[in-house]
Q: 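Attaching a single structure in structure tokens format; questions to follow.
By convention in this document, chain letters (A, B, ...) are assigned in the order of the sequence lines, proteins followed by strands, and residues within each chain are numbered from 1.
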Amino acid sequence: MPELPEIVCRAEEMARALPGRTIRGIEILQPKCLNVTPAAFTKALRGATVEAVSHRGKWIVTETNGGDLLINLGMGGEILLVPSRQLPAKWRVRFALAQGKDLVVNFWWFGYVHYVPSGAIDDHPMIATLGPDALDVTLPQFRSLLRSRRGAVKGFLLDQAKLAGIGNAYVHDILFRAGLHPLRTIPSLSSVEVRGLHRAIRVELRRSIEKGGAFYEVGLDGKPGGFTAEDLLVGYREGKPCPTCGAPVVKIKTGGTSSFLCLQCQPLL
DNA sequence: ATAAGTGTTGCGCA
DNA sequence: CTGCGCAACACTTA
């Protein structure tokens, strides 16, 4: 479930903690999550010193003088900075740093720990196909992204190739704030609705970033984010009253995923 | 105790 | 090309 707010917070934490530190050792428990052989991965990054940490959509990008480390936590997971002697029970890849500390990566189902040489990040297939970052896109850019799209607005928001960073947890409240039913089609959106949607994306994502990201994901120190279930407007609040009109929040199936919404405030027509 | 639901991404299909 | 359904695995809840 890590989406843009969690990724932004994690990247900021890592950017404070890691630059200048050298990777002394690497241990890989799940080679399947790599994009290169464990030998190539280790050869490139062992001995490398971290220079900067940033993000691209839901990917955390750690630049080192030996190349870039790309992490995607998939359906959820943690990146922890812990004493080497206190490793968590479950982890997939760990990086031993100096002073007895380890950077440990885990995820529940699947995730990616990838490597690309310095300067080659745009050759990485999953990074290269990302659309503009959901928080960086301007209103005119947003309008042009929507042009010539025909499908449902929810599908558009979740498509990382069009707009990077939004997932199925934040999309509920973004659509609620914009007053849009998830199945509204792109061509049916008025100019005012598009502007409202653009604004809703920024408001909702920033609201969570300010609180350190969602409560169900933890920081490098293992502490959960401060954006709690009470901060959600309609997401995962089936049967609870809509914060605007009091009508019960409903849960519907929208293609492969569920949607939570208020039918009064987000009419289909 | 068994089964269904859950998030992300890429792939195959019409 | 584009939008949709599905499969990949682990873990929680009914």
Side-chain angles (χ1 to χ4, degrees), chain A residues 1-11 28-35 55-61 70-79 88-93 104-114 116 121 123-131 133-134 144-175 181-189 204-205 208 213-218 224-225 227 229 232 234-239 249-261:
Chain A
M1 304 128 99
E3 301 176 29
L4 202 56
E6 291 73 50
I7 299 305
V8 167
C9 292
R10 208 65 61 245
I28 301 156
L29 287 191
Q30 192 194 44
K32 205 171 145 186
C33 70
L34 305 180
N35 63 332
H55 78 98
R56 294 270 195 114
K58 296 174 190 171
W59 290 81
I60 294 173
V61 180
L70 309 176
I71 301 174
N72 185 308
L73 293 175
M75 299 269 199
E78 317 89 40
I79 301 173
K90 301 217 166 186
W91 53 274
R92 316 274 180 155
V93 179
V104 187
V105 180
N106 186 40
F107 29 80
W108 348 116
W109 273 21
F110 52 85
Y112 309 99
V113 179
H114 284 186
V116 290
I121 188 168
D123 297 332
H124 183 271
M126 294 165 83
I127 298 275
T129 52
L130 290 177
D133 198 280
S144 71
L145 284 174
L146 288 169
R147 209 151 299 164
S148 80
R149 307 281 175 205
R150 297 189 313 272
V153 63
K154 181 176 179 184
F156 169 82
L157 293 175
L158 294 181
D159 189 341
Q160 304 300 298
K162 298 179 178 78
L163 198 61
I166 299 171
N168 200 48
Y170 287 98
V171 73
H172 311 297
D173 283 1
I174 288 171
L175 288 168
H181 190 290
L183 296 180
R184 281 286 300 280
T185 62
I186 302 287
S188 79
L189 301 181
E204 284 303 316
L205 296 181
S208 179
F215 65 92
Y216 49 73
E217 296 289 339
V218 302
F227 190 80
L232 294 172
V234 295
Y236 309 99
R237 295 177 62 82
E238 186 180 14
V249 171
V250 299
K251 178 184 184 181
I252 64 170
K253 275 285 170 194
T254 45
T257 61
S258 296
S259 290
F260 296 86
L261 68 151

Q: Could you tell me which residues satisfy ring-ring contact (aromatic ring centres under 6.0 Å, His included) with F260(A), sequence neighbours excluded, listed by chain and number?
A: H172(A), Y236(A)
Q: On a whole-Å scale, what distance lies between the P atoms belonging to dA14(C) and dG7(B)?
A: 14 Å
Q: When all nucleic acid strands are considered with a 4.0 Å heavy-atom cut-off, which category describes G155(A): base, sugar-phosphate, or nothing?
A: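 No contact.
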Q: Polar pairs (N or O, both sides) under 3.5 Å between protein and nucleotides 5-7 of chain C?
A:
none

Q: Can you see if the side chain of K58(A) gets near the phosphate of dT9(B) - specifically, an N or O under 4.0 Å from OP1 or OP2?
A: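 Checking dT9(B) against K58(A), a side-chain N or O does come within under 4.0 Å of OP1 or OP2.
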Q: If you measure from CD on E217(A) to CD on E78(A), what distance do you get to the nearest 0.5 Å?
A: 7.5 Å
Q: Which ranges of DNA chain C pair up as stems, where a stem means three or more consecutive Watson-Crick or G-U pairs with both distances under 3.5 Å?
A: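 Looking at DNA chain C, the stems formed by three or more consecutive pairs are B:2-6 with C:10-14, B:8-14 with C:2-8.
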Q: Do S259(A) and K253(A) have side-chain N/O donor and acceptor atoms under 3.5 Å apart?
A: no
Q: Check whether any side-chain N or O of N72(A) sits under 4.0 Å from OP1 or OP2 of dT8(B), and answer yes or no.
A: no
Q: Look at Y236(A) and dT13(C) and indicate whether a side-chain polar atom (N or O) is within less than 4.0 Å of OP1 or OP2.
A: no
Q: Nearest to the side chain of W108(A), heavy atoms from C-beta on, is which of dG10(B), dG7(B), dG5(B)?
A: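 So the side chain of W108(A) is nearest to dG7(B).
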Q: In whole angstrom, give me the gap between the P atoms of dG5(B) and dG5(C).
A: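 Looking at atom P only, dG5(B) and dG5(C) are 16 Å apart.
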Q: Strictly below 4.0 Å: does S258(A) bring a side-chain N or O up to OP1 or OP2 of dG5(B)?
A: no
Q: Check the phosphate of dT2(C) against R150(A), side-chain N and O only, distance under 4.0 Å to OP1 or OP2. Yes or no?
A: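 No, no such contact exists.
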Q: If I pick the P atom on dC11(C) and the same atom on dG10(B), what distance separates them, to the nearest angstrom?
A: 23 Å
Q: Any side-chain N or O of K253(A) under 4.0 Å from OP1/OP2 of dG5(B)?
A: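 The answer is no; no side-chain N or O of K253(A) sits under 4.0 Å from OP1 or OP2.
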Q: Quick one: which of dG3(C), dT8(B), dC9(C) gets closest to the side chain of R149(A)?
A: dG3(C)
Q: Taking atom P in both dC6(C) and dA4(B), compute the distance separating them and give it to the nearest angstrom.
A: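 The same atom, P, in both gives a distance of 15 Å.
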Q: Do the side-chain N or O atoms of K90(A) get closer than 4.0 angstrom to the phosphate oxygens (OP1, OP2) of dC9(C)?
A: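 No.
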